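Below is one structure, written out as structure tokens; comments come after it.
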Amino acid sequence: MPKQIHLAAHFPGVNNTTVWSDPRSGSHIEFSSFVKLAQTAERAKFDFFFLAEGLRLREQGGQIYDLDVVGRPDTFTVLSALAAVTTHLGLAGTINSTFNEPYEVARQFASLDHLSGGRAAWNVVTSWDAFTGENFRRGGFLAESDRYSRATQFLATASSLFDSWPDDAIVADKENGTFLRDGSVGTFKHADAHFDISGRFNVPRSPQGRPVILQAGDSDAGREFAAATADAIFSRHGTLDEGRAFYADVKRRLAAYGRTREDLLVLPAATFVLGDTDADAAEKAASVRRQQVSGATAIKFLEQLWNRDLSSYDPDGPLPAIDPDVSDTSFSRGRASVRLHRDPLAIARDWRAKAEAGNLSIRELIIEVTGRQTFIGSPATIAAEIDNLVQQDASDGFILVPHVTPDGLDEFADTVVPLLQERGVFRTEYAGATLRDHLGLAR
Ligand SMILES: Cc1cc2nc3c(=O)[nH]c(=O)nc-3n(C[C@H](O)[C@H](O)[C@H](O)COP(=O)(O)O)c2cc1C
């Protein structure tokens with residue numbers, strides 16, 4: 001039996017994958033956009049809809065970064081509203097464990113699980129930057145090294161709250177006037193280095209028992225956290241070799257926690273460009289990359305690595321001769337990708353060599369070295385590629401982000417999904433009612 005593929009739709013967010021300036025692009029705030037993407041995902045029988053999180057507007061050079069979409073509405077509000085206009089689709093929200101409190105987050109997810117009839121998922125991220133932390137009560141709050149210890153305790157605490165109501169706690173016997181089976185429901189007490197809380201949890205057991213837990217950290221600590229606690233990982237390793245290495249790494253970690261390979265799904269982020277033929281798709285992909293990386297965006301990307309103002313440079317000209325500023329000051333704030341620039345001098349050397357070898361301008365280089373699309377081709381090519389990656393254990397499926405909101409998933413739903421169904425590797429109907437059912441996870 002071939003492995004079954006899992007698919008999710010990521011509502012495009014605040015980065016340059018999203019081409020908001022495309023004539024076909026709609027609102028990123030209006031409810032109708034969320035409804036459109038979610039209903040497309042549901043008609044295509046996707047496992048779930050996914051929202052990322054960003055809690056502070058990005059800045060660069062002291063200004064709001066407005067080349068990408070700016071701003072996004074609150075996750076729980078959007079997902080709760082979507083619960084009312086969908087019937088089977090899972091609803092996944094990214095909610096960090098650094099700036100929130102377990103009691104309130106457990107209440108929110110248990111409530112979403114009730115409202116949606118068992119379709120809630122929580123992507124537990126730790127976030128990392130003090131810049132975002134300034135928004136919150138404690139300002140900056142927690143060194144990066146303490147974040148997974150808080151995340152572990154946060155999730156353990158929230159789980160004990162979910163579990164504090166037995167399934168059969170409410171009898172609501174009208175004749176005898178008995179509401180609860182026994183009066184001890186909801187009791188919790190949790191004390192550790194991060195939390196000292198006790199009381200009664202006030203949301204009854206939800207349909208899934210607990211929401212599906214996703215995790216998106218990539219560090220060693222992040223992978224270990226996922227192996228110990230998550231039902232699925234959102235990864236950035238979508239190619240065959242990187243995907244297989246990541247997949248083997250996290251699945252290997254499961255045994256230490258008494259878990260099996262089936263207990264944790266690996267779902268890389270993926271983008272796609274479809275065409276009638278592979279050549280047509282390649283042409284479209286190149287033009288989408290040019291939309292994603294305007295001259296102004298290319299300079300901003302370069303500034304993120306160089307960590308200095310490069311606004312006087314011509315995007316169609318050569319790379320700066322000066323080196324990146326490697327001091328502690330941060331020219332770009334609130335942007336996760338900047339954190340991946342661990343050794344800016346080495347990366348700058350590499351980029352210079354690439355630019356020289358290909359005779360590339362700044363813009364051409366940035367198009368080349370950042371974010372090429374994961375899948376490019378005809379529907380048949382993309383269906384075969386996705387199936388191959390899953391069967392070869394590079395992933396268990398993908399979290400797809402279209403570059404046009406909200407209609408960018410339609411073509412995939414109409415052309416690739418039927419081919420995956422013909423191959424017998426993707427459902428033609430939902431078999432169960434809850435997200436745990438779709439993902440094949442135990443309650
Ligand atoms: C593909 C991917 C997407 C992510 N999206 C978000 C996001 O939208 N919001 C967020 O706060 N963290 C997001 N993260 C997670 C953070 O990177 C992570 O919680 C944090 O940086 C620390 O984890 P790490 O050091 O283990 O990578 C994402 C991670 C990955 C791999």
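Start at 1 and go down the list; that is how both ligands and their atoms are numbered. These numbers come from a predicted model, not from an experiment.
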Contacting atoms of ligand 1, where contact means under 4.0 angstrom from a heavy atom of Arg236: 30 (C), 31 (C)

Which of the ligand 1 atoms, numbered from 1, are nearer than 4.0 Å to a heavy atom of Ala52: 8 (O)

Test of proximity, Ser235 against ligand 1: N or O pairs below 3.5 Å: no

Residue list, side chain to side chain contact (heavy atoms under 4.5 Å, CB included) with Ile347, at least two apart or on another chain: Leu305, His341, Trp351

Derivation and outcome, side chain to side chain donor-acceptor pair (under 3.5 Å), residues Asp218 and His237: CA-CA 10 Å; Asp218 197 33; His237 307 290; 3.0 Å; yes

Top protein contact for atom 11 (O) of ligand 1, by heavy-atom distance: Val125 CG2, 3.4 Å

Enumerated ligand 1 atoms positioned under 4.0 Å from heavy atoms of Gly217: 23 (O), 24 (P), 26 (O), 27 (O)

For Ser219, the ligand 1 atoms whose distance to one of its heavy atoms is below 4.0 Å: 24 (P), 25 (O), 26 (O), 27 (O)

Shortest protein contact, atom 30 (C) of ligand 1 (heavy atom only): Ala216 O, 3.3 Å

Contact with ligand 1 for Ala221, non-hydrogen, under 4.0 angstrom: no

Check: Thr126 N/O within less than 3.5 Å of ligand 1 N/O: yes

Whether Phe162 and Trp122 hold their rings parallel, tilted or perpendicular, with breakpoints at 30° and 60°: perpendicular

side-chain hydrogen bond (donor to acceptor under 3.5 Å, both in side chains) partner of Arg119, chosen from Thr86, Asp113, Thr434, Thr87: Thr86

4.5 Å side-chain heavy-atom contact, Phe234 and Leu267: no

Name of the residue among Lys3, Arg244, Lys251 meeting salt bridge (Lys or Arg N to Asp or Glu O under 4.0 Å) with Asp393: Lys3

Pairwise distance CZ(Arg289) to CD(Gln292) - rounded to 0.5 angstrom: 5.0 Å

Atom 9 (N) of ligand 1: the protein heavy-atom neighbour that sits closest, reported with distance to 0.1 Å: Glu53 O, 2.7 Å

Region of Tyr148 engaging ligand 1 - heavy atom pairs below 4.0 Å: side chain

Closest protein heavy atom (residue, atom, distance) for atom 25 (O) of ligand 1: Arg339 NH2, 2.8 Å

Protein residue, atom and distance nearest to atom 27 (O) of ligand 1, heavy-atom basis: Asp218 N, 2.9 Å

Separation of Asp129 CG from Arg58 CZ (nearest 0.5 Å): 10.0 Å

Taking atom 3 (C) of ligand 1 as the reference point, the nearest protein heavy atom with its distance: Phe234 CE2, 3.4 Å

Per-atom contact, atom 6 (C) of ligand 1, protein heavy atoms, under 4.0 angstrom: no

CZ/Arg372: more than 12 non-hydrogen atoms of other groups inside 6.0 Å: no

His6/Asp396 under side chain to side chain donor-acceptor pair (under 3.5 Å): CA gap, chis, key distance, verdict: CA-CA 6 Å; His6 298 284; Asp396 294 308; over 6 Å; no

